[in-house]
Amino acid sequence: MNLDLLNKEQKEAVLCTEGPLLILAGAGSGKTRVLTTKIAYLIEECGISPYNILAITFTNKAAKEMKDRIYSMIGSHAKGAQVSTFHSFGVRILTDYYDKLGYEKNFIIMDSDDSLSIVKKIIKNKGLDPKSYSPNGIRNQISNCKNEMMSYSDYEKFAIGDYEKAVYEVYKEYETTLKENNSVDFDDLLLLPIKLFREHPNVLKAYQERFQYVLIDEYQDTNETQYIMSKMICAKYKNICCVGDEDQSIYSFRGANYRNILNFEKDYPNAKIIKLEQNYRSTTNILNAANDVIKHNKDRKDKVLWSDKGEGELITYYRAFNGIDEAQFVTKEIEKLINNGIEYQDIAVLYRTNAQSHTMEEELLKESIPYRIVGGVGFYSRKEIKDVLAYLRLIYNSRDNISLLRVINVPKRGIGNKTISNLIEKSNKENKPIYDVIDGGKELSFKELIESLKKQSERLTLTELVDRILDVTGIKKEYEEEKTLEADIRLENLEELKTVTKTFEEREGIVSLEDFLLEVSLVTDVNEYDSDPNKVSLMTVHSVKGLEFDYVFIIGLEEGLFPHINSLLNSNELEEERRLCYVAITRAKEKLYIVNARNRVLFGTDTANVPSRFIKEINQDLLDKKFEEKEVEEKIDVEEKFYKNEEVDYNVGDYVYHEVFGQGKVVDVSGSLVSIAFKHPYGIKKLMKNHKSITKIV
């Protein structure tokens, strides 16, 4: 077959068919082309039976694309090759060997909602308070345990506090319930094949003989179970080809371990390493900026992206006065691009957190620029925002039955569907609003809550009223106690709603609740689910991985926002933030804009912000600065804002106090880092010695 379309390194990767091979594929370097061409080459030129080939990726979409590409190259000869996701592969194994694991043939795969329902029932049966023992939080903890190969009996060893003991009890009963119902969950699709292989070596041997050639895409995103499964299957022939890029590993919160790539040569001492560094996507200036940023990460393999597309335009850097100025600048630049013949669909605006989208949405709406939220919904369409707006509408107009029905049991306050049905029936019968027919039970307590908020609204500002709703209704507390990533995102969005109200108050002066609700109605009265693809894309940096656009704006590049404040205390998390920045930069094909604000109202608080360290890491000759640099500007450096001038001396056993985590004990000291054990739910944190948030207790 013709390999002339491949560059030297790509061709070398395709021709290397025997033994372990790691392909370090930089962003935009054509890794999918290499992977699919390699499979076609094995079948067509090497005479390898498709039956002996296993190719694994992470999404059904990616698996389908791989299949389509292989079939387009060699047609029906590809039939028989196993190209699937890890989970689909796990299903096939369980389908063939369910009996050896103690299941019946008609076993059921529980989805995430089913699993959560089981956990909720167990928590209820054990008499645990779901507010203190969040079903979502415990379900996620069980999932994390399974992804780390930790059974409930293994977890018991770590169950010291009351919360951990409760997790153990629920985990144990959860597993019993699954087995009794002849069912497995999604995590079991990875965990049970490993159990099968360990308990039945002959089964493992059969899979090793069948899949003599294994290819794994996005290897940096593998978790512990995926890593072990692939290693077991390849143990005999060691014809394993892994494609990935540790610089694009951004999913540690899902259990992904980029060190699987870094340790490849330890796992396979005779491994061949091939770097794909030629980028086919971006201009040289964009790639140089990406290289400048990522080289500051210590835990990586050296790799330098390059392109023959030419230097391209300089990177536009704009330092706005505030968040509104930032959004207005981006909007004006988008208008210029459109006037020059660029399509909306070729433009993307990226941000670190979902909460940042609302200001951009409002400015784009004002200028009638069509947009879509990728990987999420618009700010005002998010559940938690709609819940608070429903409370505000009900406070303003108690005749609003739609808003009442939305929040009468949000958060849960024991008002069931039967009670609600009776209220609706009574309302219809008496021809009155539902609110007016409430006269008893738990629903009366809800009515009294609304009445209290009505009175308070007369003397509170909009921002204070939102704050009050979050507290007295229990919405904020519910998400805080859930202890999940999703709940944290919802909390961020709720805090950001206060930015919306505060900005509205500052812009309009003293305003009424009526004015605000009218304004929000005008903003939200758009069809966010229009099928027209020609729209500007708004999305978080996590959502943009795997995509590319001609023109990319990265907004909010400020210390504490990007990199996120939660990462500033931990060197590993800070390196992941840098990888996120690298991913964001390398999405741009023709032109990159980086934008931040001197002052920003975020989560209801007006703060002065230091530019992101990632901007300082870029060679300043690559930047076209569209703002005036004043002599006194940026006197506060990153180090001055977050770190102490002096180095603090710590020893194992020292006690410290942390502004967020409370009191803790030093358990390890390594260079400039100190590991501190804090009480539940924080655990052990690795922090910088001289960070201002830590105080040594003498």
Side-chain angles (χ1 to χ4, degrees), residues 26-28 58-59 218 220-221 245-254 256 258 281-282 286-287 289-294 296-297 300 305 315 317 323 326-327 330 347-361 371-379 382 485-486 488-489 492-493 496 536-568 572-589 591-597 600 602 609 611-615 617-618:
F58 277 81
T59 66
E218 303 286 8
Q220 77 278 352
D221 292 336
D245 180 9
E246 78 281 2
D247 290 337
Q248 296 185 74
S249 179
I250 59 174
Y251 298 125
S252 64
F253 62 91
R254 296 180 186 170
Y258 70 95
R281 176 188 299 156
S282 309
I286 292 171
L287 295 181
N291 290 328
D292 285 346
V293 171
I294 201 62
H296 285 80
N297 271 7
R300 64 184 293 265
L305 295 181
I315 298 163
Y317 173 27
E326 174 186 66
V330 173
I347 303 169
V349 181
L350 311 182
Y351 36 81
R352 177 62 180 83
T353 68
N354 279 302
Q356 292 171 252
S357 75
H358 75 88
T359 308
M360 271 310 316
E361 292 182 63
Y371 69 88
R372 61 181 181 136
I373 303 288
V374 179
V377 296
F379 182 79
R382 292 165 184 145
L485 179 66
E486 182 184 2
D488 288 344
I489 292 172
E492 280 192 350
N493 291 333
E496 186 61 10
V536 174
S537 295
L538 307 185
M539 70 191 86
T540 65
V541 185
H542 280 102
S543 298
V544 79
K545 188 165 182 288
L547 303 178
E548 57 184 38
F549 298 88
D550 287 345
Y551 299 86
V552 170
F553 295 81
I554 308 174
I555 64 174
L557 272 164
E558 300 143 28
E559 285 295 302
L561 187 55
F562 195 8
H564 196 279
I565 191 168
N566 291 348
S567 72
L568 298 180
N572 291 331
E573 291 177 10
L574 184 57
E575 290 213 348
E576 177 136 338
E577 290 290 304
R578 190 173 279 109
R579 292 194 292 270
L580 269 172
C581 186
Y582 174 81
V583 166
I585 292 172
T586 55
R587 299 310 98 189
K589 297 166 70 176
K591 173 74 175 177
L592 175 67
Y593 301 78
I594 55 179
V595 193
N596 56 24
R600 182 185 299 277
L602 191 65
N609 301 308
S612 171
R613 68 188 68 195
F614 303 147
I615 296 176
E617 292 170 356
I618 296 173

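Note that the structure is a prediction, hence the values are computed from the model and not measured. Throughout, residue positions are numbered sequentially from 1 according to the sequence presented.
For the atom pair CD of Q248 and CD of E218, the computed distance is 7.0 Å after rounding to the nearest 0.5 Å. Atom-to-atom distance recorded for Y258:OH and D247:CG is 10.5 Å, nearest 0.5 angstrom. Atom CG of L574 and atom CG of N566 lie 12.0 Å apart (nearest 0.5 Å). T353 OG1 to I489 CD1: the interatomic distance, rounded to the nearest 0.5 Å, is 9.0 Å. Atom-to-atom distance recorded for E246:CD and I294:CD1 is 8.0 Å, nearest 0.5 angstrom. Here the OG1-CD1 distance, from T540 to I250, works out to 8.0 Å after rounding to the nearest 0.5 Å.
Using cut-offs of 30° and 60° for the angle between ring planes, the F614 and F562 rings count as perpendicular.
Listed by chain and number, the residues in a side chain to side chain donor-acceptor pair (under 3.5 Å) with E577 are R352 (sequence neighbours excluded).
The salt bridge (Lys or Arg N to Asp or Glu O under 4.0 Å) test with D550 is passed by exactly one of K589, R587, K591: K589.
With contacts defined as side-chain heavy-atom distances shorter than 4.5 Å, the pair L350/M539 qualifies. Within the 4.5 Å cutoff, the side chain of V544 has heavy atoms near those of the F549 side chain. Using a 4.5 Å cut-off on side-chain heavy atoms (C-beta onward), Y371 and S357 make no contact. The side-chain heavy atoms of S567 and E576, taken from C-beta on, include no pair separated by under 4.5 Å. Using a 4.5 Å heavy-atom threshold, the side chains of H542 and Y251 count as touching. Put simply, the side chain of R281 does not reach to within 4.5 Å of the side chain of L305, judged on heavy atoms. Within the 4.5 Å cutoff, side-chain heavy atoms of E559 are placed close to those of S612.
Here the shortest heavy-atom pairing between R600 and N609 reads CB-ND2, 3.3 Å. The two residues Y351 and N354 come nearest to each other via the heavy atoms CE1-CA, 4.2 Å. Among all heavy-atom pairs drawn from I554 and A584, the shortest one is CD1-CB, 3.6 Å. Closest approach of M360 and V349 over heavy atoms only: CG-CG1, 4.2 Å. In terms of heavy atoms, Q356 sits closest to G556 at NE2-CA, 3.8 Å. The minimum heavy-atom distance between A588 and I286, with the atom names listed, is O-CD1, 3.7 Å.
A donor-acceptor pair under 3.5 Å is absent between the side-chain atoms of D292 and the main chain of I618, judged by distance alone.
A salt bridge between R578 and E575 is absent, with no side-chain N of the basic residue lying under 4.0 Å from a carboxylate O of the acidic one. Ion pair E496/R382 not flagged as a salt bridge, since none of the NZ, NE, NH1 or NH2 atoms sits closer than 4.0 Å to an Asp/Glu carboxylate oxygen.
For R300 and Y582, the positive end is not near the middle of the six-membered ring at less than 6.0 Å and at most 45° from its axis.
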